[in-house]
Amino acid sequence: MSAVIQANNLNVEYRLNKVWVNAINEVSLTINPLEIHGLVGESGSGKTTLALSLMRYMAGNARIASGEILLDGDDLVRKTEVEMRKIWGRHLNLVPQDPLASLNPSYTIGDQIAEITQLHEGLSRAEAWKRAVEMLASVKIADPEAVARRYPHQLSGGMQQRVTIAMALSTQPRLLVLDEPTTALDVTTQAVILDLFRELIRDNHAAAIYVSHDLGTVAQLCDHVTVLYAGEVMESAPVDDLFAQPLHPYTAGLLASLPRPTQNVETRLYAIKGVAPSLTERPKGCVFAPRCPLATQKCFDEKPALENTGTGRTVKCHYWRDIAAGKLSVQAESQETTINAAPREGYVLNARDINKRFGERSILQRITGREGDYVHAVDNISIRIRERSTLGLVGESGSGKTTLARCIVALDAADSGEIELGGIQISNKLEERTKDTLKNLPMVFQNPNDTLNPYQTVGQALERPLRTLSGEPMSREQIRQRVAELLQAVRLTPEYSNRYPSELSGGEKQRIAIARAFAADPALVVADEPTSSLDVSVQAVILNLLKDLRAEKGASYLLISHDLDVVSYLADWIAVMYLGEIVEEGDTQDVYNAPSHPYTEALISAIPVPDPSQKQGHIRLEGEIPSARHIPSGCRFHTRCPRKIGKICEEQAPPWRDAGDGHSIRCHIPIDELIALQTTQPFNNPLSAQE
Amino acid sequence: MLQYIVRRILLLFVTMLLTSIIVFALTQFIPGDIARLLLGREASEQALENFRDQFGLNDPLPQQYINWLTGFVTGDWGTSFSSGNPAVRPLVLERLGNSLRLTLMTLIISIPLSIVLGIIAALRENTWVDSAISLISLSVVGLPEFVTGLVLINVFALQLGWFPATALVSSDHQLGDWLRILFLPAVTATLVLLGYVSRMTRAGVIDELKKPYVRTAVLKGLPRRQVIFKHVLRNALLPTITVIALSVGWLIGGLVVIENVFNYSGLGALLVESVKQKNIPLLQAVVMITIFFYALANLIADVLYAVLNPRIRLT
Ligand code: SF4
Ligand code: SF4
């Protein structure tokens, strides 16, 4: 079998401050027909640079310094840009990360797809348009004629991504480059798109490079995986082998740092220490040595070679033989357990009947007395959180989970409802909350950059809440002491107090944000997707930290995440939200196992398990979450529910059903039947997209 | 979309109504007794009284305002205070015609020129070409119009004799005559606009070039020409439209200096005259017309922007 694309000793350089620095170092790889080749690594690993370089697409300040890229034997490195134009769009196509920004806002979908076949196959406009419609149909878009006439912004994220896929496939390319194509999508949509990739790549006899930081999707989609670190190949192996037995300490570390629902909740997540090196200060020996738990002096002095291990895999580590033989392991450390303090009896938070609507009535609607275009983001929700416990709130984007959290910390004022903190009722409005309430109820956001003032040192950022929120006045010395303690609590040294946010990595910033939340001994910390902008190795650090702090400080969390695995690692109790309502709640283990609400079942089924031997669930949701402007009648989930039982679902709101131990499910299907359905017939739903 | 246009037109009317109130109110603050001021110290009490009667200055203010506004809307723009009491309307309309001609001429020269320069600068970002374009266009913006105007007159009219030094308007001008007399004033105005419009275009193109859809277009294998003209410019020129529209208002009513330097009888010059003479009906009419065209240019720009931008047209 001859390779579709083969890179030999590829070196790519970037021009930074007038010097060329190496970004891709001596990379060789081969991709065979029909193969989906995963390129995995954390941010800064060079995975996207490598993928685009393989297409011979260089950013303005980048160049290929040496090496060759053979496309069906033809060296792309030696081609001029003009020559590449015959290959781009025809044999080498890209499915980008951000579909909306990657489509021209001013042209219709049909025009943008038709452009390619007009160019490469000389089709007339009408023929090309016809082909575009066929392509849209082939990516399972329900009404392709209508979609072709629309503009990118009129489509949902999932639909936009289908469009870019249709575009990339319209010339039957030899190689598709998929650059983190599902990062911006909900897990339910992601599952559908991944299915689509598998099918289309097979049907088109193409090969693909799948660039991702998400080991779960890689395990589910790819045939072969290459792990990159600091622009070098650390390990490359068939997917089953790689996940079954990683031979490189970095791969092993990445896998061990993932939270998994099956693991013992008391196990600490493995955290890779330190941060990735910058391009300009590449370590002399093994690039991973400064962070490797197995590093020896030899590792620092001598660069390991990329060795063939004999089974179609390569690895770059001095000690892979010992690792393969089980004599060395990075996991030893991860067996440590956390102090898993049990929740206390009382409730720290008790929120009842919270309502929040957005939008207003237009003048016309006001005059005619009609209802406005309200978005009912949170519809009469009640939640309770026990002291020293974690409530996990999950749901797709648009489910209202973030709005609920914002109502609790009063960043949005709830329209109605009562919130009790520590048994005392507090106001729904921020300006009416007392200092004491504010100090007891801080929030940690998804992106720490939004909350840290770039002109304040870490010390100043931490002092402010100490000064303004703590009851008694503190001396300079006391404050310094407290800042040091806080930094210590988030596992940073006191020297950090003199640094500015720009000098910190993403994970360090998020640790500072957490330290600040804990500055005044809060009762409840609200964390909205606290790890979703971070790499997995850093995520592990943050999750461990949150767990430790809960035990040490006795705080509780309201944790919001789209990632069920993250939630299940931290949460004792889970509430699942759909279109402004809670549809299921219960103990974490109970929610994970049957009986589940059909929506929860679908969410769990869509999780890409980071283990290729364990295939993803089969339930796929049709379409995407409806707009909260037009909430479906009866059960809100009936438009997408794979287990819908009939008219009753469309007409009547379902009752709460008790599954024991406080585990309740809002569905027309009785508990016994749910258990029977979910244990005997995993639902097989043909994928489709009707929106 | 239609709703949007209708709403914009209604807004235009509201704007004009408010403008009329402000213009009327402001002209009330002109210090001194207008009648005395205009008729001179020797005028008899009787003559003053007659004058006030004639121009309705004795009516209560709201009454005066309503009379003025209804007159204005129905086409009776009043009579000028100046000698002979000529009707204001024909005078203003004639000047407006002149101003529109100059505006048109300026736009014909400046839009293609500044857009092309902006695009070239953007495509050659941070090279000497870009720096040269920036330097030249910014330095001419910095120069006052009377300086550039006088230099142009000196070189092209006095030295080379290609164009007339003054832009005197006459009723029997043919197209060729118009082009000849408008050329130098229009170039002077262009030099002022050039900096703004080309910088705006440059910024727009540079912004768009960074967007991922450009990469998509390149990776389709499209020739560079098509990437730039079809994909980038379509989006990059949208903000430029707004800048141009704003400048139209200035061209119609604000070319005071240029009109003076070239002795051109446009609206700007008329505005100055009316202020000097404290010729209130004339002043009001000139200001109203200028603001009307300013608002109209904005409206056209907004509508055009929306029509060309599907993200606004289709939401
Ligand atoms: S060579 Fe040494 S430092 Fe590098 S991965 Fe192997 S054990 Fe770790
Ligand atoms: S009530 Fe009906 S539609 Fe709703 S979740 Fe249950 S089965 Fe599905």
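The model shown is predicted, which means the values in this text are computed figures rather than measured ones. A, B, ... follow the sequence lines: proteins, then strands. Residue 1 opens every chain. For the numbers below, each heavy atom of this structure counts, side chains included, while hydrogens, waters and symmetry mates do not.
Using a 4.5 Å cut-off between heavy atoms, A/Asn104 touches chain B through backbone and side chain atoms alike. With a 4.5 Å cut-off on non-hydrogen atoms, A/Ile87 does not touch chain B at all. If you measure heavy-atom distances from A/Leu94 to chain B, the contacts under 4.5 Å come from the side chain alone. Using a 4.5 Å cut-off between heavy atoms, B/Val214 makes no contact with chain A at all. No part of A/Met84 comes within reach of chain B, as not one of its non-hydrogen atoms sits under 4.5 angstrom from that chain. At a 4.5 Å heavy-atom cutoff, B/Leu238 makes no contact with chain A through either its backbone or its side chain.
Within a 6.0 Å radius of CZ in A/Arg125, other residues, nucleotides and ligands contribute 12 heavy atoms or fewer. For B/Arg8, the CZ atom sits in a packed shell: over 12 heavy atoms of surrounding residues, nucleotides or ligands are nearer than 6.0 Å.
For chain B, the option among A/Gly89, A/Pro152, A/Pro105 with the highest count of heavy-atom pairs below 4.5 Å is A/Pro105. Contacts with chain B were tallied for A/Arg150, A/His120, A/Glu81; A/His120 has the most, counting heavy-atom pairs under 4.5 Å. Contact count versus chain A (heavy atoms, under 4.5 Å) is highest, among B/Asn309, B/Leu222, B/Leu219, B/Thr216, for B/Leu219. Taking chain A as the reference chain and counting heavy-atom pairs below 4.5 Å, the highest number among B/Lys211, B/Glu208, B/His231 is found for B/His231.
Looking at heavy atoms from C-beta onward, A/Pro96 lies in side-chain contact with A/Thr164 at the 4.5 angstrom threshold.
A salt bridge does not link A/Lys47 with A/Asp179: every distance from a Lys NZ or Arg NE/NH1/NH2 to an Asp or Glu carboxylate oxygen is 4.0 Å or more. A salt bridge does not link A/Arg90 with A/Glu121: every distance from a Lys NZ or Arg NE/NH1/NH2 to an Asp or Glu carboxylate oxygen is 4.0 Å or more.
The cationic group of B/Arg234 lies under 6.0 Å from the six-membered ring centre of A/Tyr107 and within 45° of the ring axis, placing it in a cation-pi geometry.
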Going through the checks in order, is the side chain to side chain contact (heavy atoms under 4.5 Å, CB included) test met by B/Thr290 and B/Leu96? CA-CA 9 Å; B/Thr290 311; B/Leu96 173 67; over 6 Å; no
